[in-house]
Structure formats: C-alpha cells, structure tokens
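Residue numbers begin at 1 in each chain, while the letters A, B, ... track the order of the sequences.
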Number of protein chains: 2
Amino acid sequence: MTRTIIFYGVALAALVLVLKFIEYRFIVRDLSIEFYLGAVALFFTVLGVWAGRKLTRKKIVTVGPAFVLNEVELQRLGISKREHEVLGLMAEGLSNQEIADHLFVSLNTVKTHTSNLFLKLEVSRRTQAVQRAKQLRLIP
Amino acid sequence: MTRTIIFYGVALAALVLVLKFIEYRFIVRDLSIEFYLGAVALFFTVLGVWAGRKLTRKKIVTVGPAFVLNEVELQRLGISKREHEVLGLMAEGLSNQEIADHLFVSLNTVKTHTSNLFLKLEVSRRTQAVQRAKQLRLIP
DNA sequence: CGATAAATCACCCGTTCGGGTGAAGGTTTT
DNA sequence: AAAACCTTCACCCGAACGGGTGATTTATCG
C-alpha cells in the first residue's frame, strides 16, 4: 500500500513536470484547452482506477481467509473446551479412534464428546456437524 | 455496471459543461492553468477510484466466494459427472441413503460411487473426501 | 462445604460406512 | 464391431458411527 501511494505521488510529479515542459515549449499553443483537460482527465481516471484497485484488493484478501472464532455462539451452544477440540479434529477428517489417540483418551470418551456435540449442534452426522460448525465459525 | 458507465459519462459531460461555462465567464482569467489541471486531475482521480471500485467490486465479490470448478483437477483424477454429483451431496452432509434418495438410485450404487471417489481422492473417510475436494476446488 | 458442570470411561444395540468382488446395460471411442 | 468407460445394482463382512444409560473423578462456583 505504501508503495502504491509512493508510486502515485511519483506519477503525479512526473505529470506536472511533463505539463510544465510542454507548456513552455511548442505544443501548448496549438492545442485547445479542452484537449489538454481531456488528456489529463483520461490519465487520472486510469490512474485512479488502478490506485483504487491496488488499495482495496488487499483489504478484501485479508478479510477473506481470516478466521475469528465465534465465542459467542460457542458459549450460546454450551460447547466445552474439550468438545471444541474434538470438533476441530473431527473437521480434519479424523475418525473417533484417531481423535482418541490424538487426545490420549479412550474411544468411548470421544464418542461421548461427539454425541454431546451432535446434540448441541442439532445434527446427527459428523459431516453435518463439521458443516454447521464452519458455518457458525466455530472452526476455520 | 451499465449504470456505473452511464453515471460516469454523465459526470464527464457535466464537467465539460461546467468547464465551458466558467471558461467564457469571469473566473478563468484569474486562475492559472496549473490550478485548472490540478482540479481536474483530483476530480478524475476520485472519479477513477470510485468507478474502478464499482466496476471491480462485483468481480472481486464473485471471485472471492464465487466458486470456479477446477475441471483440470477433476479430469486429472478421472472423476466422472455422477461421482462429482455424489461428492457434492456428500459435502452437504447427506448420508449414502439420503444421496441415493436424492438421485433416485439404490444405496449400493451410491456406495460404489463413494468407494470410487475415495480411491480417486486417495482418502478413506467421507469427511476427508469432503475436505480434500474443497481444497482441490472440486466443490464450493 | 455442597452443588454443579466438565471430563473421563464403560457397555449395549442398531445403523451406517468402507472395501472388495461381480455383473449387466449403456455410451463413447477407436 | 470391439474396446473402454460409465452407470447401475447386488451381496458380504468387518469397522466405524450414533444413541442411550450409568458411573467416577476433578474442578469450579455459589
């Protein structure tokens, strides 16, 4: 962004120089003021479009992939820390057994957590749970 | 977009009119050509930024959340049309039985499709398949 | 300190999933 | 026409999943 601004400034300065240059030489007398203005208008329109795109693109990019956990929703649904952890691993495509190994707990424990999650998320399948969790921004 | 262009044209015409108006009146003689050009440059820069944003926002919006199917990858993995369809429904969190009902085929058929999908996507669970498909932009 | 919530584990039961094989009918390509 | 591919369906079996109940041990909060 800084570079864009700098470039824009340089372009402006260059234009002023060019104008000054041609103004005190030969061309200026032969051309009408309208032509002059038209050229400047066109140039700055293009420059404006370009600058505008440069300046707004990055905003959009960072707004896109950024993930902020929706703790409000998390609390509203009464999802505990551990359950949220299980939810995350579930979203990675891990099986209950794999989640159990990951968390150093038994398969039954994971099953309990998943069951509770399904209740709280009001779904009946893990794929739906993942889908819903993403939609509620409980997971990236 | 069309409206933007029209508005832009109108703005241009209006500016020309204003210029013409002030040119043949009182102000023009008192102001330097540089001031004139500066004002025009500023105006058209702003106009350019605005127009650029208007014209590109839709593109960006559609480029961001909009989904373009990665047909190259789809073909590379040899995923058929029907399989891709099943993949989509799978990503919605539907069970095999539900997919079968959706497509008016038997559960076994769906199972065959999912099995082939798992082979082609090199995964072993449907959650992983969905994850991978999203990452490869085979589904939204 | 007692109540409450969280985390842990277990068992049962029925359903769903995944993996493998086979096969029939249709379309496309060669 | 033959080969290749897609789609469809079937059956089997073991693993994973979902649903329910019950119990113990830690926090944590009032």
Just how far, in rounded Å, is [atom2] of [N] from [atom1] of [X]?
{"X": "Q75(A)", "N": "dA6(C)", "atom1": "CD", "atom2": "C1'", "result": "15 Å"}
{"X": "H113(A)", "N": "dC17(D)", "atom1": "NE2", "atom2": "P", "result": "15 Å"}
{"X": "E85(B)", "N": "dC6(D)", "atom1": "CD", "atom2": "P", "result": "15 Å"}
{"X": "R126(A)", "N": "dG19(D)", "atom1": "CZ", "atom2": "P", "result": "12 Å"}
{"X": "K81(B)", "N": "dT28(C)", "atom1": "NZ", "atom2": "C1'", "result": "12 Å"}
{"X": "D101(B)", "N": "dT8(D)", "atom1": "CG", "atom2": "C1'", "result": "16 Å"}
{"X": "K111(A)", "N": "dA23(D)", "atom1": "NZ", "atom2": "P", "result": "19 Å"}
{"X": "Q97(A)", "N": "dC17(D)", "atom1": "CD", "atom2": "P", "result": "9 Å"}

Is the shortest side-chain N/O distance from [X] to OP1 or OP2 of [N] below 4.0 Å?
{"X": "T109(B)", "N": "dT7(D)", "result": "no"}
{"X": "N96(B)", "N": "dT16(C)", "result": "no"}
{"X": "N108(A)", "N": "dC9(C)", "result": "no"}
{"X": "T114(A)", "N": "dG18(D)", "result": "no"}
{"X": "S106(B)", "N": "dA10(D)", "result": "yes"}

* Asked: salt bridge (Lys or Arg N to Asp or Glu O under 4.0 Å) with E98(B): which residues, sequence neighbours excluded?
  ->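 Checked E98(B) against salt bridge (Lys or Arg N to Asp or Glu O under 4.0 Å); matches are R125(A).
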
Within the side chain of [X], is there an N or O that forms a donor-acceptor pair under 3.5 Å with the backbone of [Y]?
{"X": "E83(A)", "Y": "S80(A)", "answer": "yes"}
{"X": "H84(B)", "Y": "L138(B)", "answer": "yes"}
{"X": "T109(B)", "Y": "V105(B)", "answer": "no"}

* Do the side chains of T127(B) and M90(A) get nearer than 4.5 Å, heavy atoms only? ->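 Sidechains of T127(B) and M90(A): no contact.
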
* Under a 4.5 Å cut-off applied to non-hydrogen side-chain atoms, are R137(B) and E73(B) in contact? ->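 No, too far: nothing below the 4.5 Å cut-off.
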
* Asked: Closest heavy-atom contact between L87(B) and L121(B)?
  ->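 Taking L87(B) first and L121(B) second, the nearest heavy atoms are CD1-CD1, 4.1 Å.
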
Counting side-chain heavy atoms from CB outward, which of [options] is closest to [X]?
{"X": "R125(A)", "options": "dA10(C), dG18(D), dT8(C)", "answer": "dG18(D)"}
{"X": "S95(A)", "options": "dG18(C), dA10(D), dC17(D)", "answer": "dC17(D)"}
{"X": "R82(B)", "options": "dT8(D), dC17(D), dC17(C)", "answer": "dT8(D)"}
{"X": "S115(B)", "options": "dG19(C), dA6(C), dG19(D)", "answer": "dG19(C)"}

* Answer yes or no: are there more than 12 heavy-atom neighbours, outside Q75(B) itself, under 6.0 Å from its atom CD? =>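 No, not enclosed.
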
* **Five-pair end axes of the helix from dC1(C)-dG30(D) to dT30(C)-dA1(D), angle between them (10°)** =>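 That helix has its two terminal axes inclined by roughly 50°.
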
* Closer to the 5' end of DNA chain C via nearest nucleotide, is it T112(B) or V123(B)? ->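 First, find each residue's nearest nucleotide; the 5'-ward one identifies V123(B).
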
